[in-house]
Amino acid sequence: MESFDIVEVNNLVFEYPKLRALNNVSFRIKQGSITALVGPNGAGKTTLLRCIAGLEFPLSGQIIVNGQPVLKDPRTIHRHIGYLSDNFGLSNSLSVSQCLMYAAWSQKLKVANIKDTILAAAEKLQIADRLPQLVGTLSRGLRQRVAIAQAIIHNPKLLLLDEPASGLDPDARHSLSELLCWLKEEGMTLLVSSHILSELKEYSTDMLVLKQGCLIQHSATGGSSNTSLVFLEIKLAQASAAIEAILEKIAGVSKVEAEGFFVRLSLDEQLTSRHHLLSQLVNSGIAVISFSEANDMQQSYLTAVRDNS
Amino acid sequence: MNSPLNPEFTRNCWLELTNHRLLAAPLVLAIVLGPQLKGEGVDASMRAMYPYALTIFIGATIIWGARMAYDSIMTELREKTWDWQRMSAMSPWSMVWGKLFGSTVFAWYIGLPCLLIILLAPMDAVEGTFHHSNGYAFLFLTTTALAAHALAFLGALRVLNNEVLANKRSSSIVVSVLLIWGIALLKPLSAKLVHWYGIELLRIDWVFLNLLFFAFWFWLCSYRLMQEALQVKTYPWAVLGFTFTLSVFWAGVSEVQAPGLKELNKIALYGYFLGGAATYYGAWTERSRVISIRRLIYIWRNGSFHEMLLDTPYFMVTALFTFFGLVCACLFYHPNGVTVLSRSINSYQSGLVILFILMLRDISLLYYFSLTTNSMRAGMTAVFYIVMLDLAFPIFTAYMSYYFFPLSPSNAGNWFGVIFAIIHLLTVAVLLTSRLNTLQQRLNYNIYR
């Protein structure tokens, strides 16, 4: 099936009294993708998500979700959107089943048996055994699952997640990655804002980089990436002033960044090129103690942010 | 399981009606009311229980219920559940009645047995406070509770939409107002007569009419603010309707038997003063005052009148209404003067014009400071300068024989004062325009980052 643009943002400008939080932001998101929304603190990520969800009104610009303008009638668009805020938005004094029941009722689900729908959602998110438990007594990871179940109970086409991995332990983060991939398989489009790039790499297909309210990069990542470059990180026993000059002479090497004991660079993806690079460094007397592939998403992000500073 | 009538009401019932509460409330009522049961018969017991039932109803249902209604919104903010609710498919009206009745369900659970006692108590017990009947007392108290709950809810919605005073202070203000209201109800209302558009009313009937009026508008305005919170845009009819009907309603209290020029003049004056008060309140409590004006200018430049009406801040609507009141007050001017808010007003046209221009100046001053400091501080700074300009300097200049200040004794009420008021307004307007232009340039270059 051919994918279409489920989100279209054109020239979006959002202002706080003395700050332009979003400055002429424009992009499109393909249906069925998982887009990572990254950027430094205060870049405008949460504001952008809230604007797409129709929770904030921008000064100017246009947002179209599933072919309908958000700003004209946000209430209609809400039927197609699930939104998970960074604090999950759950009533601590209610049980998990009450939370899900309320979510299903308030979304006016037209199903024969809401109880079965809730049970099915709970089983998918592996919280079926927690249904009678009070939300306030659950761990952060479980609360997050309840919040996701609540956000997707009406089977939205687009799911917006604001910092979903924050505060989760490594195990819970891994489960989250699996969960998001499963949601994608179910046909949902996801837009995920996060600081934790290593996790985003596991599941995202695209990356949006925001800086100071401006969109500075929109690129494909991970499996869908068609780049022929790899990012390498080299650790040295002692800093070398000559290393940049040495590296630039080696074929296939680009974007060299040396900083104290660390050197980051791009290299073509041929394994023989890596072997050649390492031998050249050792032969030149450079004290290499570590030579590894860096997180390309992180590297791409850092390059984008630094290029625009 | 089928969907209930109102999910929000059901959710609030889950939260409020815990097993512990359901058992404790009847027990407490039995402890308080039980000792009042008399062996002489039902009437004697009801007579003895009546004052206790009245006190419990005022304390638990009216005052505590209002607090619950206020908290129904504040808890959403505290638990960060409000965004999720805003994205639900529930209509604004469902949210209003679901929250208002749901959050106060326990207060009503305590109050209903008390209302039953008030309804069944002998007439002589009720007569001391309510001159008519048990049914009247029942209606009076129920309306009071509905109005009080809606007022507290309205206050919370205002906080929510503007994110100002979102702390215990505003909650305690609402509760204090309701406490005074409740205490006032405990005192017998005097049988003094009130004339309203030529109709003779007992004072308690006049109070009841006010209660009905405010209960209606508090509920309607809650609905309107909920629409705003749920991103349903509508024309600003509620604020206009409330100010206009209140002007007509209150202007009716008069010694004059038949409506005439003097009555129209009085309605216009009430409209002028109430509109002015609403304008000041709206301007000072608007959170994103700078943004709302910038958005309005943007929409105006893009030529959408319909969108402009939808986005116009309340204070601008009431300022226009105040201007309309000013024009009508001058048109329907009565040479013998009228009494407004217990003060006799005679020759006043120039005075009214001065006050209107000064209101525009004050709001411009507020916006001027909003562009430099944070909005809370801007409000206080503007108040300081207004007090200096309209109170301190006029006294000082009167002493020094200078006349630049419109409200100085030599200028107030004459046309020189109007000219000075215009000079004040223009001066502040020039300062404001220059600051707006500077801000625009800085935003374009993102200097504030």
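Everything numeric in this text was worked out from a predicted model, so none of it was measured. Each chain gets a letter, A, B and so on, in the order the sequences are listed, and its residues count up from 1.
- The line from CZ of Arg86(B) to NE2 of His78(A) is 7.5 Å long, rounded to the nearest 0.5 Å.
- Residues Ser91(A) and Arg11(B) form a side-chain contact, since some pair of their non-hydrogen atoms from C-beta on lies under 4.5 Å apart.
- Here the closest non-hydrogen pair linking Ser106(A) and Ser88(B) is O-CB, 3.8 Å.
- Interface check for chain B: of the options Leu90(A), Leu55(A), Asn87(A), Val13(A), the most heavy-atom pairs under 4.5 Å are formed by Leu55(A).
- Both the backbone and the side chain of Leu59(A) come within less than 4.5 Å of a heavy atom in chain B.
- Open room surrounds CG on Asn19(B); 12 or fewer heavy atoms of other groups in view lie less than 6.0 Å from it.
- Here Glu79(B) contributes atom CD and Asn92(A) contributes atom CG; the two are 5.0 Å apart, rounded to the nearest 0.5 Å.
- For the set Arg50(A), Gln150(A), His154(A), the count of heavy-atom pairs under 4.5 angstrom toward chain B peaks at Gln150(A).
- Not a single donor-acceptor pair under 3.5 Å links the side chain of Gln231(B) to the backbone N or O of Asp73(A).
- Of the two parts of Ala103(A), the backbone and the side chain both hold a non-hydrogen atom closer than 4.5 Å to a non-hydrogen atom of chain B.
- In this structure, Gln98(A) CD and Leu15(B) CG are separated by 7.5 Å, a value rounded to the nearest 0.5 Å.
- Remark: Lys80(B) does not engage Asp86(A) in a salt bridge, criterion side-chain N to carboxylate O under 4.0 Å.
- For Leu84(A), no part sits under 4.5 Å from any heavy atom of chain B, backbone or side chain.
- For Ala147(A), no part sits under 4.5 Å from any heavy atom of chain B, backbone or side chain.
- Phe57(A) places a side-chain heavy atom less than 4.5 Å from the side chain of Lys233(B).
- In this structure, the portions of Glu8(B) lying under 4.5 Å from any heavy atom of chain A include both its backbone and its side chain.
- Environment of OH in Tyr385(B): sparse, with no more than 12 heavy atoms of neighbouring residues, nucleotides or ligands closer than 6.0 Å.
- Of the listed residues (Phe88(A), Tyr83(A), Tyr102(A)), just one forms a side chain to side chain contact (heavy atoms under 4.5 Å, CB included) with Trp84(B), and that residue is Tyr102(A).
- Side-chain atoms of Val232(B) and Arg75(A), non-hydrogen and from C-beta on, do get closer than 4.5 Å to each other.
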